[in-house]
Amino acid sequence: MTERTFPPAPDVVRSAYAHLVVTDLARARWFWVDVLGLHVQYEGAGALCLRGTDELTHHNLVLTEGRVAALHHLAYRVRTPEDVDRAEEFFTALRRPVRRVPAGQGAPGVGDAVRVIDPLGFPVEFFHRIERGERLIQRYDLHRGAQIARLDHFNICTPDVPAAYAHYRSLGFGCSETIEGDEHQLYAAWMYRKQTVHDVAFTGAAGPRLHHLGVATHESHQVLRIADILGAQHLERHIERGPGRHGVSNAFYVYLRDPDGHRVEVYTSDYYTGDPDHETYRWSVHDDRRRDFWGNAVIESWYKEATPVLGLDGEPLPTSNSLLDESAVRVGADGLG
Ligand code: XXG
Ligand code: FE2
Ligand code: CA
């Protein structure tokens, strides 16, 4: 008998875009474009494709309208067209649901892709080819709202953070930071392919669910500015947590909720992780600075509420409860237990 070798993992470049289902596309357009300031790259056939000012590919976010607000899929860009085939072979060997999405049948502008339900239960796409958009970096006349530059990361809720960590290690991701219990129980982890703190992070909670999309600005004043813009229009209900400074990642942040409750984090000023010997920085779950460096409490909705995810057939996927619940750790500022 010949021994079966596991197919190589696709070479993932970065978290590239997310496709969200919203219940009212006009209302979502108001929030993501008019308020937050994402640039409209494509509008038509019930879909909206949006991107930040530094993004040179077609989009960072696809919005379509549906009955239930949900995550349609997360998408990673891979290095070469062959890496799309590698993704297909890799997830087929894992015996996960896999579907080929030819160019023209998936998101506007995206070439041949593979969609899978990954071992954590998330709908994930791997693509290489994508149309490019006009360079907007110095079109300052078009920069509005929070002046979003690009997508930074996905944050996903999963009941089994060690399993999520192992899966993303097998895809070649590094780990920049963790939150751990006294016996090194893993409550949360931040993992990357591009040379920043993360492309994906795991929140230990009922899942699979999408916790938030992280979008990057260049400077902390843009985080304050979007909070001011919302306050000025009596739209403070859209601000969920912050502004503040994270312990994990050191980034400056504010979390907003869109009209359907999808959460987005405006995020800036994390750090370089690209050296080959970059070490994981481990936070104790008892350190009150871990989630807000100034010790501000985390609101309960931030730990508990998240976006449901859809299977490859477009139907919502069931969730499992988490064994570990960070919000129940009775310590200092986050003592919600
Ligand atoms: O991007 C992030 C976060 O995952 O949204 C949360 C960086 C840090 C944090 S935390 O709340 O742990 O400081
Ligand atoms: Fe985040
Ligand atoms: Ca607050």
Side-chain angles (χ1 to χ4, degrees), residues 14-15 18 20 36 52 60-61 71 74 146 148-158 161 164-165 168 173-181 186-205 207 209-217 220 222-223 226 239-258 262-273 280-307 324-327 329 331-336:
R14 59 169 171 131
S15 51
L20 296 178
L36 214 50
N60 295 128
L61 180 64
L71 170 70
L74 302 172
I148 307 301
R150 57 182 174 79
L151 176 81
D152 188 79
H153 61 266
F154 309 130
N155 189 302
I156 60 179
C157 294
T158 176
V161 175
Y165 175 90
Y168 274 92
F173 282 58
C175 180
S176 57
E177 305 201 26
T178 61
I179 294 177
E180 299 183 12
L186 203 51
Y187 282 87
W190 284 259
M191 300 188 74
Y192 60 93
R193 286 291 294 172
K194 71 178 180 325
Q195 301 181 343
T196 64
V197 168
H198 60 319
D199 287 287
V200 66
F202 319 120
T203 300
R209 293 180 301 161
L210 173 68
H211 191 274
H212 65 264
L213 303 178
V215 294
T217 63
S220 54
Q222 288 147 332
V223 173
I226 192 63
I239 306 175
E240 183 185 37
R241 177 183 161 203
R245 163 89 65 194
H246 282 310
V248 171
S249 80
N250 193 48
F252 208 74
Y253 72 89
V254 65
Y255 295 93
L256 310 177
R257 304 291 290 270
D258 89 345
H262 296 307
R263 186 181 289 105
V264 58
E265 175 184 26
V266 182
Y267 175 96
T268 188
S269 309
D270 63 353
Y271 56 86
Y272 169 75
T273 55
T280 304
Y281 189 82
R282 299 169 193 283
W283 290 82
S284 161
V285 73
H286 302 295
D287 191 329
D288 284 345
R289 301 168 307 167
R290 69 196 187 286
R291 290 203 176 268
D292 182 284
F293 196 57
W294 309 326
N296 283 320
V298 176
I299 190 168
E300 189 164 14
S301 62
W302 189 90
Y303 277 119
K304 303 283 188 222
E305 295 172 11
T307 292
L324 287 178
D325 177 6
E326 186 190 330
S327 70
V329 178
V331 283
D334 294 351
L336 301 170

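Both ligands and their constituent atoms are indexed starting at 1 by order of listing. Along the sequence shown, residues are numbered consecutively beginning with 1. Keep in mind it's a predicted model, so treat the numbers as computed, not measured.
The protein non-hydrogen atom at the shortest distance from atom 13 (O) of ligand 1 is H246 ND1, 2.7 Å. Scanning the protein heavy atoms around atom 4 (O) of ligand 1, the nearest turns out to be W190 NE1, 2.9 Å. Among protein heavy atoms, the minimum distance from atom 8 (C) of ligand 1 is reached at V248 O, 3.2 Å. Looking only at heavy atoms of the protein, atom 12 (O) of ligand 1 is closest to R291 NH1, 2.9 Å.
Between H212 and W302, the ring planes are tilted. Angles from 30° to 60° get that label. In this structure, H246 and Y253 have parallel ring planes: the angle between them is below the 30° cut-off, well short of the 60° mark.
Contact annotation: for E265 versus ligand 1, heavy atoms closer than 4.0 Å belong to the side chain alone. In Y253, neither the side chain nor the backbone holds a heavy atom less than 4.0 Å from any atom of ligand 1. Only the side chain of N155 comes within 4.0 Å of ligand 1, judged by heavy-atom distances.
A salt bridge links D325 with K304; the closest basic N to acidic carboxylate O contact falls under 4.0 Å.
Any N or O atom pair closer than 3.5 Å counts here, and H198 shares at least one such pair with ligand 1. Taking distance alone, with nitrogen or oxygen atoms compared against 3.5 Å, S249 stays at or beyond that limit from ligand 1. Remark: ligand 1 and R241 share an N or O pair separated by less than 3.5 Å (distance only, no angle test). Where the criterion is an N or O separation shorter than 3.5 Å, residue side chain and backbone included, Y267 fails it with respect to ligand 1.
Annotation: side chain of L186 is in contact with side chain of E180 (closest heavy-atom distance under 4.5 Å). E326 is listed as a side-chain neighbour of R290, based on a closest heavy-atom distance under 4.5 Å. Two residues are said to be in side-chain contact when any heavy atoms from C-beta on lie closer than 4.5 Å; L213 and N60 fail this criterion.
With 2.8 Å as the limit, H153 counts as an N, O or S neighbour of the Fe ion (ligand 2). Look at H212 and the Fe ion (ligand 2): an N/O/S atom of the residue is under 2.8 Å from the metal.
Rounding to the nearest 0.5 angstrom, the gap separating the NE2 atom in H153 from the OG atom in S15 is 8.5 Å. Atoms CG and CG, from L210 and L74 in turn, are 6.0 Å apart once rounded to the nearest 0.5 Å. Atom CD1 of I148 sits about 7.0 Å away from atom CD1 of I226, to the nearest 0.5 Å.
Atoms of ligand 1 lying under 4.0 Å from any heavy atom of Y255, numbered from 1 in the order shown and given with element: 3 (C), 5 (O), 6 (C).
Smallest separation of non-hydrogen atoms from W190 and I179: CH2-CD1, 3.7 Å. A pairwise comparison of heavy atoms in T307 and L71 identifies CG2-N, 3.4 Å as the closest pair.
For H212, the closest heavy-atom approach to ligand 1 falls below 4.0 Å. Residue contact check for ligand 1: H153 places a non-hydrogen atom closer than 4.0 Å to it. Note on ligand 1: F293 sits outside its first shell, no heavy atom being nearer than 4.0 Å. Remark: distances from the non-hydrogen atoms of W283 to ligand 1 are all 4.0 Å or more. Between R289 and ligand 1 there is no heavy-atom distance shorter than 4.0 Å.
Taking the Fe ion (ligand 2) as reference, the nearest N/O/S atom within E265 carries the name OE1.
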Subject >> Chi angles and distances behind the side chain to side chain donor-acceptor pair (under 3.5 Å) call for E177, Y281 >> reply: CA-CA 5 Å; E177 305 201 26; Y281 189 82; over 6 Å; no
